[in-house]
Amino acid sequence: MHWSDVVAQRLAERGPTHIVSTGITPSGEFHIGHLREILTGDMIAKAARKAGLDVEFVFIVDSADPLRKVYSFLDDSYAQYIGHQLKQIPPPNQDGTPDMDRFAEGVSYADHFLEPFKQALEQIDVRPRFIDNYDSYASGKFSETARIACNNAANIREIIERVSGRELSEGWFPWNPIDANGSIDGIHVTGWNDPIVSWTDSEGNHGTSDVTKGEGKLPWRIDWPAKWAWIGVTMEPFGKDHGAAGGSYDTGKEIVQLFSKDAPVDLTYEWISLRGQGAMSSSSGNTIGPLEALSLVPPEILRYLVASTKPNKAIEFDTGMGLVNLADEFERTTLRDFSIEMQKEGLSRRQLVAIEDAKTALELSLISPHEETASVTFRHLAMLAQTKSRDDDVWRSLNMNEPIAQSMKDRLHRMRTWVQSQHFPEELRITILQQPNPHAIDLLDEDNMTLLPPLIQSLQACDWETASIQAAISNTAKGLEMSPRHAYRALYLCIMGTERGPRLPTILTELEQGEILKLLNACVQAKQES
RNA sequence: GGGCCUGUAGCUCAGUCAGGUAGAGCGUCGGGCUUUUAACCCGAUGGUCGCGGGUUCGAACCCCGUCGGGCCCGCCA
């Protein structure tokens, strides 16, 4: 059974109605790691609906969280906002300085980072109900839970200290009020008189905070179960950081009982890292944003990456050859006929499960409605995108007639972007040598050498267009009673330094005839001298 | 210190929760397609399932131990 169906089954055992929740703090640039959180939730919601359950999928934007520190992409002037809630501070400009103009127009720090992520979500067909955590506090959604928490401060302290094993400070209180400057750091709670918290801030100011009006927030370990309670969350996937023993899920599980609710069904997922570069981290700049990823890859492929990998498996996102292999695997999967495969006699249980999982992973990956398009592998499209500068030529080569499906146009456009990017693997890059490649010269065999001189002659004599070039190559080989294969190998080695390559005549027509002949002659000479 | 994940073919992984003769894709090699779309088709190659014990008629799978890799437990998914 596919992992999403396993979770759906667990939900079905609990009841017919569910709210699957995900959430992210918009403290910086979103990256594809965050996509795993939301895609995991989205897929579970879909699986649960398939199982006949009534499911809502929500995405909580943790905009009430404070700015923790001045991240590397921020200007030092952000130091004044440390401890301030992300919804209450200005967005950064390109250079990292606060953009007061946009802030005046109502765009907050949180909005700034959330907006592109929302666009990415639309592209990958994830449509949750968004819940803004800051607004939720302000509109009193946390009133009940906050009051209960404050009235049970000792109780909660005991839970956190016992379960997490860490010691809370003397002045700890389950509510972080906002001080005179708007910060929730360095503030001390001095009294609690339901629903008012009294406090003293670092500068010695005194004040009060009404917990039912969102004049502050609950600390994370309480904030989370409080959200479960007021929203009615019954399922939530979360990163392994929260899943560790004694982590926030463990304490939340007990705290939520105080709110007279049960903890949601959990699913801990592993992180996504960039191949060879470790975990993704907004602060180190070691990231690939969802939009950047989507500029290279069709959304189906990103969905497929998550759908076909079990949540507890770490994913290494590889923007090079790994991506090509992933995309080609997806392409092959779309071509499979699962109903025929499953009817096959004598399938072992394992084989059946493998077929079912592949089928489900594919279903979860497709963006609905799925356009029927001709199948083209990534490799092939990569080649066409490099050798044909006009889109029309690509369609002709693929035997596609107008009107071309929009999804195909998108794919080609993405491929062109990818080819131009630093991520495109050298292995697939078509390069034309300027001078003989010594390594390739070594690989030229006797047959190749026999063919080269007459090849050069006929290439010199022929019209420089595809049909003649093609005829020249194969006729030369046949004239010597050899397979054209040898002629092509010789040309690939001389011109591109590889033993094989994409259809040569079309590439040659885009190059200077004289340059090519010069290169070929140089190769023959180099070989003879060696 | 506590905990989680992970180790299976050259590579990426499935199979471990219901023990029953080692799987897939890619790669590599060979052949085909009488023009080579890095395509496509056919075939072959390839693994002491990290290591050591135990349970069992039977273990990649269950139990114990051990070694290696990654990671979490200060609000980074």
Undergrad: To the nearest 0.5 Å, tell me how far A:Phe317 CZ sits from A:Leu323 CG.
TA: 5.5 Å

Undergrad: When you measure from the side chain of A:Asp62 to the backbone of A:Asp65, do you find a donor-acceptor pair of N or O atoms at a distance under 3.5 Å?
TA: no

Undergrad: Want to settle it: does A:Gly247 or A:Tyr269 sit nearer the 5' end of RNA chain B, counting the closest nucleotide to each?
TA: A:Gly247

Undergrad: Would you mind classifying the nucleic acid contact of A:Tyr492 as base, sugar-phosphate or nothing, using non-hydrogen atoms under 4.0 angstrom?
TA: base

Undergrad: In whole Å, measure the gap between the C1' atoms of B:C17 and B:A59 for me.
TA: 16 Å

Undergrad: Is the ring pair A:Phe73/A:Tyr71 parallel, tilted or perpendicular, if the boundaries are 30 and 60 degrees?
TA: parallel

Undergrad: With heavy atoms under 4.0 Å as the rule, sort A:Asp65 into base, sugar-phosphate or nothing.
TA: base

Undergrad: If the C1' atom of B:G27 is compared with that of B:C11, how far apart are they to the nearest Å?
TA: 7 Å

Undergrad: Using the C1' atom on both, measure B:G46 against B:G10 and round to a whole Å.
TA: 9 Å

Undergrad: Work out how far the C1' atom of B:G69 is from that of B:C29, and round it to whole angstrom.
TA: 33 Å

Undergrad: Work out how far the C1' atom of B:C75 is from that of B:C61, and round it to whole angstrom.
TA: 39 Å

Undergrad: Are OP1 or OP2 of B:A77 and a side-chain N or O of A:Thr25 less than 4.0 angstrom apart?
TA: yes

Undergrad: Taking for each residue the nucleotide of RNA chain B with the nearest heavy atom, is it A:Arg36 or A:Arg166 whose nucleotide lies nearer the 5' end?
TA: A:Arg166

Undergrad: If I pick the C1' atom on B:G30 and the same atom on B:C63, what distance separates them, to the nearest angstrom?
TA: 47 Å

Undergrad: In whole angstrom, give me the gap between the P atoms of B:U48 and B:U56.
TA: 28 Å

Undergrad: Work out how far the P atom of B:A38 is from that of B:C76, and round it to whole angstrom.
TA: 48 Å

